[in-house]
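These numbers come from the heavy atoms of this one structure, side chains and all, not from hydrogens, waters or symmetry mates. When a ligand or atom number is given, it counts from 1 through the structure's own listing order.
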Amino acid sequence: MGNRAGREKFSTGLAAFFATLGSALGLGNIWKFPYLVGENGGGAFLFIYLLCVIFVGIPVMICEFYIGRKTRKNAVGAFQKIGTNPAWKIIGYLGVLSAYLIMFFYSCVAGWVYSYVFKALKGDFNAISAHSVEAELTKAVVGPISPLFWQLVVLIVVSVVLICGVKRGIERVTKTLLPVLFILIIICAIRAMTLPGAFQGLYFLFHIDFSQLTPNIILMALGLAFFKLSLGMGTLITYGSYFTENNNMITTAIKVALSDTVVSLLAGIAIFPTVFSFSMETGAGPGLLFLTIPLVFSQIPFGNILLAAFFFLTSIAATTAMISIVEVLVAYLSEEKGMSRTKAVIFNATLIMFIGMLATLSADRASILGDVHIFGRTFFQLFDFTSSNVILPIGGLLIVIFVGWVGAKEEFRYELSNQGMLKTDWLISIFYFFIKYVAPVLLAVVFLNSIGLFRI
Ligand code: PHE
């Protein structure tokens, strides 16, 4: 069983749930989900996304919790401890690689969010029109000084939190602020639904038109599920390693996935009615959030304050998600390479700032590096695509194969039933089936298809 003593744990199941939710909720829900739904045809994409969450996302999440709690180690150390073959450590290394790739562009987008808090407070969006909101976005994104400055601020904030070890404090803050963010998104969604033409937006979001589906869209939906639920790179192995013995990991996974989905849907309900009401493009891309939300709030009393609050809370959600990403890097460098935590944080933040600049300077067509393409993608798109759509799903595939085919079913059952304390055998059996057969097959098919070896 290994040494279970002497390692910190979340005090309760609820604390574990909120901490995991703190990692899951972030730009994936509020920024990426809406723009990908918009670019990929609405309801049909949403439908495939939900299938990915149920048949792949939740099973992978359960596997990560299981590996983490069983070994009580970080992602690389965990596989070293239980891996029958050292090659499984590759999962940990891939996780480290994707943590870097994600941070390169995530810190850039988080910078835009931070800057919008100040813009809203300054009154830049007072009674703004759809046209000027676009000009504001260009200023914030193309820069180059402003986006680079805000990216630096983001990395400093994340570093300070990680160095001061106030993670616990942050978790307490998250617990109180996440519900407030939830309420604000609801207000936003209700307001958006009262806009003229709102129905068309809802129709776009919920109407399933299968003729829209292409294999590429399925890959995007799968990648989004991994990104949004923080899967495939070991983050949740680390979180699982802090779970208590009596945490019901299956229900925790289901609750996290459900809450994460609800927040995304609410963001979609706030955004798409606005898109249609102001005759904007559903396929506006990464700027979608920043083009629509200011308009939702621009015509209501105290709109400024609500807008600033919305972006402030979004920046908190993004920051807690980033903390969980950088923690993968810090835990690896400090636990496996013997670097001090402070050094590891500063080293990572510096590296992320330097390479992350490439993402920031290529985020828009008008950006300085906006027309530099590598394999047909800008730096920004390349970091995003390779992490979400390639490395995270490969990590996920290896994780389910490891649990379903290398590990013993009895051990899985023993750990997930909390040493037999929980009488949830049927639930464990269902998810074991998903882990062993459904998730690997789906992942393999989507992959082979995306590299052209197999056509759906
Ligand atoms: N899930 C986070 C979000 O939606 C991003 C993330 C990805 C966090 C991978 C940790 C690991 O914003």
K.L.:
Considering residues at least two apart in sequence or located in another chain, which fulfil the side-chain contact (heavy atoms from CB on, under 4.5 Å) criterion with L358?
P.N.:
I355, L369, F379, F383

K.L.:
Just wondering, more than 12 heavy atoms not from F182 lying within 6.0 Å of its CZ?
P.N.:
no

K.L.:
Got a sec, which residues hit side-chain contact (heavy atoms from CB on, under 4.5 Å) with L258, two or more places apart in sequence or on another chain?
P.N.:
none

K.L.:
Report every pair formed by an N or O atom of ligand 1 and a protein N or O atom separated by less than 3.5 Å, giving atom names and the distance to 0.1 Å.
P.N.:
unit_1, atom_1, unit_2, atom_2, d
ligand 1, 1 (N), S23, O, 3.3
ligand 1, 1 (N), A24, O, 3.0
ligand 1, 1 (N), F227, O, 2.8
ligand 1, 1 (N), K228, O, 2.9
ligand 1, 1 (N), S230, OG, 3.0
ligand 1, 4 (O), A24, O, 2.9
ligand 1, 4 (O), G28, N, 3.2
ligand 1, 12 (O), L27, N, 3.1
ligand 1, 12 (O), G28, N, 3.0
ligand 1, 12 (O), Y106, OH, 2.4

K.L.:
Please list all pairs passing the side chain to side chain donor-acceptor pair (under 3.5 Å) test where one or both residues lie in residues 14-27, with sequence neighbours left out.
P.N.:
S23-S230, S23-S324

K.L.:
Using the side-chain contact (heavy atoms from CB on, under 4.5 Å) rule, pick out the option among S340, C164, S334, S159 that qualifies with V345.
P.N.:
S159

K.L.:
Would you check, one step at a time, whether the test side chain to side chain donor-acceptor pair (under 3.5 Å) holds for Y49 with T261?
P.N.:
CA-CA 10 Å; Y49 169 77; T261 305; 4.8 Å; no

